[in-house]
Amino acid sequence: VELTVDLIMKLKPESFLDIGVGSGKWGMIFREYTDIWQGRTLKEEWKAQIDGIEIFGPMIQDHQRAMYKRVFVGNAFTLIDELHSYDFVWAFDLLGTFEKHKGFEMIKKMREKTGMLLAVWQTLNQKAPTKSQTHNPYEAINSTWTLSDFAESDFRYYNIYDTPEGGKEMLAIYTEEDLSGMGFSEF
């Protein structure tokens with residue numbers, strides 16, 4: 001969370017696309033560190049455009065509708081083609097839900113919609129295929145992703161994190177912005 005907040009504070013993006021809204025945590029973080037920290041605490045004062053895509057409609061509750069300007073329910077792979085460009089595109093554990101070749105296509109689609117920064121959080125080296133462990137059937141894992149997959153896709157920066165279960169997760173960044181000094185490794 002800290003590095004994502006640092007990115008928001010450094011780059012000051014005005015529009016966000018959150019792909020895979022889930023619980024809505026990232027929309028709330030984006031809203032807090034754009035509008036609310038600028039003193040725009042009332043919804044009618046908000047300036048940041050925060051949109052989300054969620055494939056599993058039952059996940060969308062009132063609190064997500066309150067934080068996001070728009071939440072699109074459907075498959076991000078096709079919906080993203082209909083949307084405008086955003087300063088900051090965010091995808092959390094999304095790529096593993098696609099077959100590998102579609103995941104690479106999705107990276108290209110997300111980059112095309114990125115005006116400033118694309119941030120992808122991905123669990124590395126997941127066992128695939130694996131059925132969903134939740135009520136959401138779209139959380140099934142269909143592909144395994146590695147650090148080299150992101151290097152081949154022209155991502156520029158990354159950080160790797162250990163999980164409590166002994167796994168690895170990665171935040172990969174695609175941007176033309178200079179993020180040196182922010183604690184990222186470079187590809």
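Judged by distance alone, the side chain of Asp35 and the main-chain N or O of Arg40 form no donor-acceptor pair under 3.5 Å. Listed for the Ser153 side chain is no donor-acceptor partner under 3.5 Å among the backbone atoms of Phe155. One N or O on the side chain of Ser143 and one on the backbone of Phe98 form a donor-acceptor pair closer than 3.5 Å. With Tyr157 contributing its side chain and Leu179 its backbone, the two residues share a donor-acceptor pair below 3.5 Å. Here the side chain of Gln49 pairs no donor or acceptor atom with the backbone of Lys47 at under 3.5 angstrom. With hydrogens and angles ignored, the 3.5 Å screen pairs a side-chain donor or acceptor of Gln64 with a backbone N or O of Met59. The closest donor-acceptor contact from the side chain of His84 to the backbone of Lys113 lies at 3.5 Å or more, if one exists at all. Side-chain atoms of Arg156 never come within 3.5 Å of backbone atoms of Phe187 as a donor-acceptor pair (strictly under, hydrogens ignored). No donor-acceptor pair under 3.5 Å is formed between the side chain of Glu32 and the backbone N or O of Met28. When atom types are taken as modelled, the side chain of Glu54 and the backbone of Val21 share a donor-acceptor pair closer than 3.5 angstrom.
Using a 4.0 Å cut-off between charged side-chain N and carboxylate O, Lys12 and Asp87 make no salt bridge. Ion pairing between Asp51 and Arg70 holds under the 4.0 Å rule for side-chain N and carboxylate O. For Asp162 and Lys168, the salt-bridge test passes: some basic side-chain N is under 4.0 Å from an acidic carboxylate O.
In terms of heavy atoms, Met67 sits closest to Ile50 at O-CB, 4.4 Å. Contact record, Ala76 with Ile19: CB-CG2, 3.5 Å, taken as the closest heavy-atom pair. The two residues Asp154 and Tyr174 have their closest heavy-atom pair at O-CD1, 3.3 Å.
At a cut-off of 3.5 Å, with distance as the only test, no side-chain donor of Thr144 or Gln126 sits close to an acceptor on the other residue. Remark: the Tyr68 side chain and the Asp18 side chain contain an N/O donor-acceptor pair separated by less than 3.5 Å.
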Q | Step-by-step ring pair (Phe, Tyr, Trp, His ring centres under 6.0 Å) determination, Trp26 to Phe88 | A | CA-CA 12 Å; Trp26 296 105; Phe88 192 133; 9.2 Å; no
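Here the options are Arg111, Met116, Met110, the test is side chain to side chain contact (heavy atoms under 4.5 Å, CB included), and the partner is Val89; only Met110 passes. When the options Asp149, Leu95, Asn142 are evaluated for a side chain to side chain contact (heavy atoms under 4.5 Å, CB included) with Lys100, the one that passes is Asp149.
Note that CG of Leu79 and NZ of Lys109 are 10.0 Å apart. Values are rounded to the nearest 0.5 Å. The distance from the CE atom of Met106 to the NE2 atom of His101 is 13.5 Å, given to the nearest 0.5 Å. To the nearest 0.5 Å, the span separating CG on Asn159 from CD1 on Ile173 amounts to 8.5 Å. The structure places CD of Glu169 at 9.0 Å from CD of Gln122, a figure rounded to the nearest 0.5 Å.
Between Phe16 and Tyr86, the gap from one ring centroid to the other reaches at least 6.0 Å.
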